[in-house]
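Okay, structure first, notes after.
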Amino acid sequence: MFVSDRAAFPSSPAGPGSEPARAEATILHADLDAFYASVEQRDDPSLRGRPVIVGGGVVLAASYEAKAYGVRTAGSGAQALRLCPQAVVVRPRMSAYTEASRAVFEVFRQTTPLVEGVSIDEAFLDVGGLRRVSGTPVEIAARLRAEVRERVGLPITVGVARTKFLAKVASAVGKPDGLLLVPPDRELAFLHPLPVERLWGVGAVTSRKLRDYGIGTVGQIAEIPERELMSVVGQAAGRHLHALAWARDPRRVQVGRRRRSIGAQHALGRRPKSQEDIEAALVALVDRVAKRLRAADRVCRTVVLRLRFDDFTRVTRSHTLGQATSQTAVLLAEARGLLAAAMPAIHDRGLSLVGVALANLEDGAAEQLTLPFGEPSSNSLDTTLDSLRDRFGSAAVTRAVLLGRDQGVTVPILPD
């Protein structure tokens, strides 16, 4: 475990437009380490200390012993075994991961009522105001880590900082199995030496633009004028990255925040796929996310198609509907249209993953009738199928096109 030495970071100068810092770092970002792989190592003692890969054609998770050889999540399973031939490959057990996640979130909620789940293996916690009853934020974080280890049997890293952004960066830097505090008066000393990839919103494309311009650290982003940065990465991204580079993040931990999108994806592997195989995977994904949409009593306006080609580059295509809906038939028609438009690129570059997301979500009561009024649309078929699948299992009623096909791994998610 590593707790930052307060003397390690000299005082931070105030940046342009900096806001006064709160007196204390009270936001925790708790992130389970190599979650799926850690659950496997917990449940099978023979795997402890050994490189473990969860998944087959695509790496769903890798233990830190495997990551030391360059194995990365979402990478090719075959490439992972070339990098680490002694790795043990295990099939995913999603029910075990869901159970472990629930147990960890129970620890979070017993620590503080202010918990914002990010995914099944990470959350933000606000522990401000708990000093008299629970101690300092660092003491609370240390106790949380011990509770998760004792009650759930899993390692977890916690970052402690004044803002959500800095807490998340601190947990990433503190991994694995660590605790890292970023004191408010030493934020920039911690942040500025880090590579630009540590900033939210810096993916492969933005990273390449910044590095081609000679910007490799967060501190270099902070040094250049905001308008100059906008000319490199665009107006919105430039404003966003410049604010983060000066540790400006006004967001607070939000309890009960509803999901802004609902999605699922299917890793297809590197084997050749026919158009029928890809369309079948798409149908299964739309069925899955549309059911979740209705279960959450939401409707969506935007359908998003996500593709990852055989060279691991990614593209996203989307279409916004004229009317919000939760009907599977409407959503599937839109997704098929997006896929048809992308098929020339798929034929040229191959496809290793397809994903579908439903965005611009609204409450179900927000669904409006279109003009001119015609026959009202009905979700009766959808709701009947949802009821049957809830009662008898997801495979109780399925489409003919999906019979005998692998529908991929259903990844556990936070409740909608």
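What you are looking at is a predicted structure, and each value in this text was computed from that prediction instead of being measured.
- For the pair Q41 (side chain) and R50 (backbone), a donor-acceptor distance under 3.5 Å is present.
- Every residue two or more places apart in sequence or in another chain that forms a side chain to side chain contact (heavy atoms under 4.5 Å, CB included) with A141 is listed here: L28, V158, V160, L179.
- Looking at residues two or more places apart in sequence or on another chain, you find a side chain to side chain contact (heavy atoms under 4.5 Å, CB included) between R208 and V205, D212.
- With sequence neighbours left out, the salt bridge (charged side-chain N to carboxylate O under 4.0 Å, His left out) criterion links D43 to R93.
- With hydrogens and angles ignored, the 3.5 Å screen pairs no side-chain donor or acceptor of S101 with any backbone N or O of Y97.
- A distance-only check finds a donor-acceptor pair linking the side chain of E116 to the backbone of Q254 [under 3.5 Å].
- When only modelled atom types and interatomic distance are considered, R294 and S326 share no side-chain donor-acceptor pair under 3.5 Å.
- E106 pairs by the salt bridge (charged side-chain N to carboxylate O under 4.0 Å, His left out) definition with R109, not counting sequence neighbours.
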For residues 167-175, which side-chain N or O atoms pair as donor and acceptor with protein atoms under 3.5 Å away, sequence neighbours left out?
{"from": "K168", "atom 1": "NZ", "to": "E122", "atom 2": "OE1", "distance (Å)": "2.9"}
{"from": "S171", "atom 1": "OG", "to": "H29", "atom 2": "ND1", "distance (Å)": "2.7"}
{"from": "S171", "atom 1": "OG", "to": "K168", "atom 2": "O", "distance (Å)": "2.9"}
{"from": "K175", "atom 1": "NZ", "to": "D31", "atom 2": "O", "distance (Å)": "3.1"}
{"from": "K175", "atom 1": "NZ", "to": "L32", "atom 2": "O", "distance (Å)": "3.3"}
{"from": "K175", "atom 1": "NZ", "to": "D33", "atom 2": "OD1", "distance (Å)": "2.6"}

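- For R308 (side chain) and T313 (main-chain N/O), no donor-acceptor pair under 3.5 Å exists by modelled atom type.
- Residues E362 and R301 are paired through a salt bridge, judged by an N-O separation under 4.0 Å between the basic side chain and the carboxylate.
- Remark: the backbone N or O of F309 is paired with a side-chain donor or acceptor of S352 at under 3.5 angstrom.
- A search for salt bridge (charged side-chain N to carboxylate O under 4.0 Å, His left out) contacts involving R42 returns nothing, not counting sequence neighbours.
- For the ring pair (Phe, Tyr, Trp, His ring centres under 6.0 Å) condition, the pairs that include at least one residue of residues 152-187, sequence neighbours left out, are F165-W200.
- Of the residues listed (I156, T157, I140), the one engaging R145 in a side-chain contact (heavy atoms from CB on, under 4.5 Å) is I156, and it is the only one.
- Proximity of a side-chain donor or acceptor of K164 to a complementary backbone N or O of V253 within less than 3.5 Å is not detected.
- When atom types are taken as modelled, the side chain of R162 and the backbone of A247 share a donor-acceptor pair closer than 3.5 angstrom.
- With hydrogens and angles ignored, the 3.5 Å screen pairs no side-chain donor or acceptor of H192 with any backbone N or O of E187.
- The minimum heavy-atom distance linking S76 with V59 is given by the pair O-CG2, 4.0 Å.
- For R131, the salt bridge (charged side-chain N to carboxylate O under 4.0 Å, His left out) partners are E24, not counting sequence neighbours.
- Looking at residues two or more places apart in sequence or on another chain, you find a side chain to side chain donor-acceptor pair (under 3.5 Å) between S207 and E197.
- Ion pairing between D177 and R149 holds under the 4.0 Å rule for side-chain N and carboxylate O.
- Listed by chain and number, the residues in a side chain to side chain donor-acceptor pair (under 3.5 Å) with R143 amount to none (sequence neighbours excluded).
- T316 is linked by a side chain to side chain contact (heavy atoms under 4.5 Å, CB included) to V304, R306, counting only residues two or more places apart in sequence or in another chain.
- Within a 6.0 Å radius of OH in Y64, other residues, nucleotides and ligands contribute more than 12 heavy atoms.
- In terms of heavy-atom proximity, V71 sits nearest to C84 at CG2-CB, 4.0 Å.
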Can you give me every donor-acceptor pair (side chain of residues 218-228, partner residue at least two apart or in another chain, under 3.5 Å) with its distance?
{"from": "Q220", "atom 1": "OE1", "to": "G216", "atom 2": "N", "distance (Å)": "2.6"}
{"from": "Q220", "atom 1": "OE1", "to": "T217", "atom 2": "N", "distance (Å)": "3.0"}
{"from": "E228", "atom 1": "OE2", "to": "Y213", "atom 2": "OH", "distance (Å)": "2.7"}

